[in-house]
**Q** 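Provided herewith is a single structure, encoded as structure tokens, for subsequent inquiry.
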Amino acid sequence: MSERLNVKEAIQAKRKNNKSVFVEKMVPVILFLAAFISIITTIGIVGTLTYETILFFREVSFTEFFTTTDLSPLNPTDPKFSILPLLMGTVMSSLIAMFVAIPIGLTTAVYLSEYASSNSRKVLKPMIEVLAGIPTIVYGFFAFTFVTPVLQEVIPILDRTNVLSPGIVMGIMIIPMVASLSEDAMNSVPNSMREGALALGATPLEVAFRVVIPAAISGIIASFVLGISRAIGETMIVTIASGSTKNFTFDVTQSMQTMTAYIVEVTSGDAGAGTTAYFSLYAVGMTLFVFTLLMNMFATYITRRFREVY
Amino acid sequence: MEYIDRGHVQKKMRTRLLLNKVFKYLFLAATLFGLVFLAILITRVFIDSIGWLDFSFLTNRLSFNPEIAGIKGAAAGTLWLMVIVGPVTMTLGVGTAIYLEEYAKKGRLHSFIQTNISNLAGVPSIVFGLLGLTVFVRVLGFGSSIIAGGLTMSLLVLPIVVVAAQEAIRSVPGFLREASYGMGATKWQTIKKVVLPAAIPGILTGMILALSRAIGETAPLVALGIPALIIPVPGSIFDNFTALPMQVYYWTIDSALTAEYLNLAAATIIVLLVVLFLMNSVAIIIRNKFQKRY
């Protein structure tokens, strides 16, 4: 004779089981701690950068950092600290990168979303995204050992390390990012709009440029901004292929150091903790962090603010 | 009465159609540009590595003599890094995802953590290197060891795992949860026995993507101040180390002095790319084979 199972009693027995109640209460707390790590990471980044940057500006004035153009951190007798040569390097290399990435990325997106059949898109899109999965050190190697020598055939005055070659390679690295984000934006434009334009006699090219792109413009611009932010933060390509000359110039055939490459140079150099050169790392890192953060936030803002909802 | 000048439209139509065709091929060319570049890159690196990439290259230790130099130490360093990055990102990433998807109330805290994670994903990797240099290398005194590198790398790839795990958990249909609650399971039992098993393919795909990012990432390791010196093959997480991308970096910049280093760098890149290719293939297989559509 088996005992009859009473649901009510079973539930009450379960409620009294202290262990499982304890587990149920502890789990969210533990999971919250895991989630909190990401907040601690942000606090850690902002905190260390701010703290050491303040120490840096105790020794170097704001005006020297932002208005002079000499940078020689490891000079033993008369070190100079100005971020302008680094900003110049970063801006020039990112500009070149975007000259490559924006036209090619956008037209790739137009081709994939407006012209390609769904089968060829299924093949092409993952292949293009392979470009984004290749480690940047590989691009750096390629820029330095292949692209620069090839460019030197065309432009003889090009230095062995220069801004042009890593800029171009960085642009190619960013193509998949611009292309896939722009394509997502274009794909969310409803087909009825395309069909309406086609019915009025527009060619697919006119549909793409007069209907789809204007309708998807917020997503497209966001993809450009994220691309620029990526170019600003990119490190290994410029470190290898653009060298470490702290040049304040517009001449892209010369070597120029970017903010990221400066951090690499000083951390792998002999700057001991506590020296001004060491603190300058954080001032440069802070500038880099603020720049990229602002651009990322700007990208989020324009997609949210100007998104057309259909 | 004619509203449209037929002749005018027909005359214009021809150029418009021609323009459409020309641009179509132009766009196709732009699409193929990236692929051609990729092909040249891989071919070029492969040609540079011919004759240098053999079994002894994988098993030999680092040496200043390019003829006998190998990547045993660097490969071991990369493996050790993964030993840390794997479990740390898995625990923290999946934990964060479960918290955000299952426990956190959709409110200010939820959106704050979510925004924070997407912002972290956009922080340049070199800045994570600076964080690691300050906190792990200096303050906690780990030095340029595997644990310092591994923890830095974990924080860097954490957002990838969190986002992937969140999507995987979100795609588990509500009726599975409700069936579990209906059977009398508690919330945690439901998550542990129903939601996570259903979400595991998505989580694993995200993990593999995160690890392959960590394997190729160089900048944060450089910032930790890992020396280009010849060091013994690491035996524990507190040892100094070098990793595959670091080796590529040092051999590339030194190729100006010793030309053969260029070939060594190319051979290391091939090893790196093969590893990444295999990992991504596994990710694709998992996604196609195990992901259920409800």
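Proteins come first, then strands; the chains are lettered A, B, ... in the order of their sequence lines, and each starts at number 1. When reading the values below, keep in mind they use all heavy atoms of this one structure, side chains included, and skip hydrogens, waters and symmetry mates.
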**Q** Which answer fits A/Glu52, side chain, backbone, both or neither, if we ask what part of it has an atom under 4.5 Å from a heavy atom of chain B?
**A** side chain
**Q** Between atom CG of B/Leu28 and atom OG1 of A/Thr108, what is the distance when rounded to the nearest 0.5 Å?
**A** 9.5 Å
**Q** Nearest 0.5 Å, what's the CD-OG1 distance between B/Glu217 and A/Thr235?
**A** 7.5 Å
**Q** Which residues satisfy the ring-ring contact (aromatic ring centres under 6.0 Å, His included) test with B/Tyr103, sequence neighbours excluded?
**A** none
**Q** Does atom OH of B/Tyr261 have more than 12 heavy-atom neighbours, drawn from other residues, nucleotides or ligands, at distances under 6.0 Å?
**A** yes
**Q** With no hydrogens and no angle check, is any side-chain donor or acceptor of B/Asn20 less than 3.5 Å from a backbone partner on A/Thr203?
**A** no
**Q** Give the member of A/Pro176, A/Ala109, A/Pro135 that has the highest number of heavy-atom pairs under 4.5 Å with chain B.
**A** A/Pro135
**Q** Examine whether an atom of A/Leu293 lies under 4.5 Å from a heavy atom of chain B, and if so say whether it belongs to the side chain, the backbone or both; otherwise answer neither.
**A** side chain
**Q** For the pair A/Glu206 and B/Arg16, find out whether any cationic side-chain nitrogen is under 4.0 Å from an anionic carboxylate oxygen.
**A** yes
**Q** So which of B/Leu262, B/Ile253, B/Leu109, B/Leu273 has the biggest tally of heavy-atom pairs under 4.5 Å with chain A?
**A** B/Leu262
**Q** Please report the C-alpha distance between B/Phe23 and A/Val110 in whole Å, then the side-chain angles of each, then the deciding distance to 0.1 Å, and finally whether the side-chain contact (heavy atoms from CB on, under 4.5 Å) criterion is met.
**A** CA-CA 10 Å; B/Phe23 270 88; A/Val110 171; over 6 Å; no
**Q** Is the backbone N or O of B/Trp188 less than 3.5 Å from a side-chain atom of A/Glu24, with the two atoms forming a donor-acceptor pair by type?
**A** yes
**Q** As an exercise: rank A/Val130, A/Ile45, A/Thr260 by heavy-atom pairs under 4.5 Å with chain B and give me the winner.
**A** A/Ile45
**Q** At a heavy-atom separation under 4.5 Å, does B/Ala104 approach chain A through its side chain, its backbone, both, or neither?
**A** neither
**Q** Please look at B/Asn280 and chain A and tell me whether the side chain, the backbone, both or neither of the residue comes under 4.5 angstrom of a heavy atom of that chain.
**A** neither
**Q** OG1/B/Thr252 to CD1/A/Ile240 distance, rounded to the nearest 0.5 angstrom?
**A** 4.5 Å
**Q** Measure distances from A/Ile37 to the heavy atoms of chain B and classify the residue's part below 4.5 Å as side chain, backbone, both or neither.
**A** side chain
**Q** Does atom CZ of A/Phe298 have more than 12 heavy-atom neighbours, drawn from other residues, nucleotides or ligands, at distances under 6.0 Å?
**A** no
**Q** Step through the shown structure and confirm whether more than 12 heavy atoms of other residues, nucleotides or ligands are within 6.0 Å of CE on B/Met279.
**A** yes
**Q** Would you say the side-chain atoms of A/Tyr51 and B/Thr134 include a donor-acceptor pair closer than 3.5 Å?
**A** no
**Q** Is B/Leu272 close to chain A through its backbone or its side chain, or both, or neither, when contacts mean heavy atoms under 4.5 Å?
**A** side chain
**Q** Is the side chain of B/Asn116 donor-acceptor paired with the backbone N or O of A/Ser38 at a distance under 3.5 Å, no angle test?
**A** yes
**Q** Return the orientation label for the B/Phe37 and A/Tyr139 ring planes: parallel under 30°, perpendicular over 60°, tilted otherwise.
**A** parallel
**Q** Where does A/Thr239 contact chain B at under 4.5 Å (heavy atoms): side chain, backbone, both or neither?
**A** side chain
**Q** Taking every non-hydrogen pair under 4.5 Å, which of A/Met295, A/Met127, A/Met236, A/Met259 racks up the most with chain B?
**A** A/Met236
**Q** When heavy-atom pairs shorter than 4.5 Å are enumerated against chain A, which of B/Ile215, B/Leu131, B/Val123 gives the highest number?
**A** B/Leu131
**Q** Please flag which part of A/Arg230 lies under 4.5 Å from any non-hydrogen atom of chain B: side chain, backbone, both or neither.
**A** neither
**Q** Over all heavy atoms of both residues, which pair between A/Leu288 and B/Pro124 is shortest? Give the atoms and the distance, please.
**A** CG-CG, 4.2 Å
**Q** Quick one: which of B/Leu92, B/Val135, B/Ile98, B/Leu19 has the most heavy-atom pairs under 4.5 Å with chain A, could you say?
**A** B/Leu92
**Q** Check the surroundings of atom OH in B/Tyr181: do more than 12 heavy atoms from other residues, nucleotides or ligands lie under 6.0 Å from it?
**A** yes
**Q** Tell me if the aromatic rings of B/Tyr25 and A/Tyr115 count as close, with their centers under 6.0 Å from one another.
**A** no
**Q** In terms of heavy-atom proximity below 4.5 Å to chain B, should A/Phe141 be classed as side chain, backbone, both, or neither?
**A** both
**Q** So which residue, B/Ile117, B/Val94, B/Leu38, ends up with the most heavy-atom pairs under 4.5 Å with chain A?
**A** B/Leu38
**Q** Checking heavy atoms, do the side chain of A/Phe144, its backbone, both or neither come under 4.5 Å from chain B?
**A** side chain
**Q** Answer whether the closest heavy-atom distance between the side chains of B/Leu35 and A/Leu124 falls below 4.5 Å.
**A** yes
**Q** Which atom pair, heavy atoms only, marks the closest approach of A/Phe142 to B/Leu41?
**A** CE1-CA, 3.4 Å
**Q** Measuring heavy-atom distances to chain A, does B/Phe128 have an atom under 4.5 Å in its side chain, in its backbone, in both, or in neither?
**A** side chain
**Q** Heavy-atom cut-off 4.5 Å, strictly under: side chain, backbone, both or neither for B/Leu32 against chain A?
**A** side chain
**Q** Which answer fits B/Leu120, side chain, backbone, both or neither, if we ask what part of it has an atom under 4.5 Å from a heavy atom of chain A?
**A** side chain
**Q** Could you pull out the closest heavy-atom pair between B/Leu130 and A/Tyr282, with the gap in Å?
**A** O-OH, 4.1 Å
**Q** How would you list, by chain and number, every residue that makes a side-chain hydrogen bond (donor to acceptor under 3.5 Å, both in side chains) with A/Thr145, sequence neighbours excluded?
**A** none
**Q** From B/Leu155 CG over to A/Ile40 CD1, what is the distance, rounded to the nearest 0.5 angstrom?
**A** 10.0 Å
**Q** Just by modelled atom types, is the A/Ala34 backbone N or O under 3.5 Å from a matching donor or acceptor in the B/Thr96 side chain?
**A** yes
**Q** Given the options A/Thr292, A/Leu106, A/Thr300, which has more heavy-atom pairs under 4.5 Å with chain B than any of the others?
**A** A/Thr292
**Q** To the closest 0.5 Å, what do you measure between CG (B/Leu133) and CG (A/Leu281)?
**A** 7.0 Å
**Q** Against chain B, label A/Val27 side chain, backbone, both or neither, depending on which of its atoms sit under 4.5 Å from a heavy atom there.
**A** side chain
**Q** Chain B heavy atoms under 4.5 Å from A/Ile172: which part of the residue, side chain, backbone, both or neither?
**A** side chain
**Q** Can you tell if the side chain of A/Phe36 reaches within under 4.5 Å of the side chain of B/Ile113, non-hydrogen atoms only?
**A** no
**Q** Measure distances from A/Leu49 to the heavy atoms of chain B and classify the residue's part below 4.5 Å as side chain, backbone, both or neither.
**A** side chain
**Q** For the CZ atom of B/Phe33 and the CD1 atom of A/Ile128, what is their distance to the nearest 0.5 Å?
**A** 12.0 Å
**Q** Does atom CZ of B/Phe46 have more than 12 heavy-atom neighbours, drawn from other residues, nucleotides or ligands, at distances under 6.0 Å?
**A** no
**Q** Looking only at non-hydrogen atoms, find the nearest pair between B/Val127 and A/Gly285 and report the distance.
**A** CG2-O, 4.2 Å
**Q** Heavy-atom cut-off 4.5 Å, strictly under: side chain, backbone, both or neither for A/Met286 against chain B?
**A** neither
**Q** Are side-chain heavy atoms of A/Leu205 and B/Phe27 found at a separation under 4.5 Å?
**A** yes
**Q** Would you mind checking which part of B/Thr115 comes under 4.5 Å of any heavy atom in chain A, side chain (CB onward), backbone (N, CA, C, O), both or neither?
**A** neither
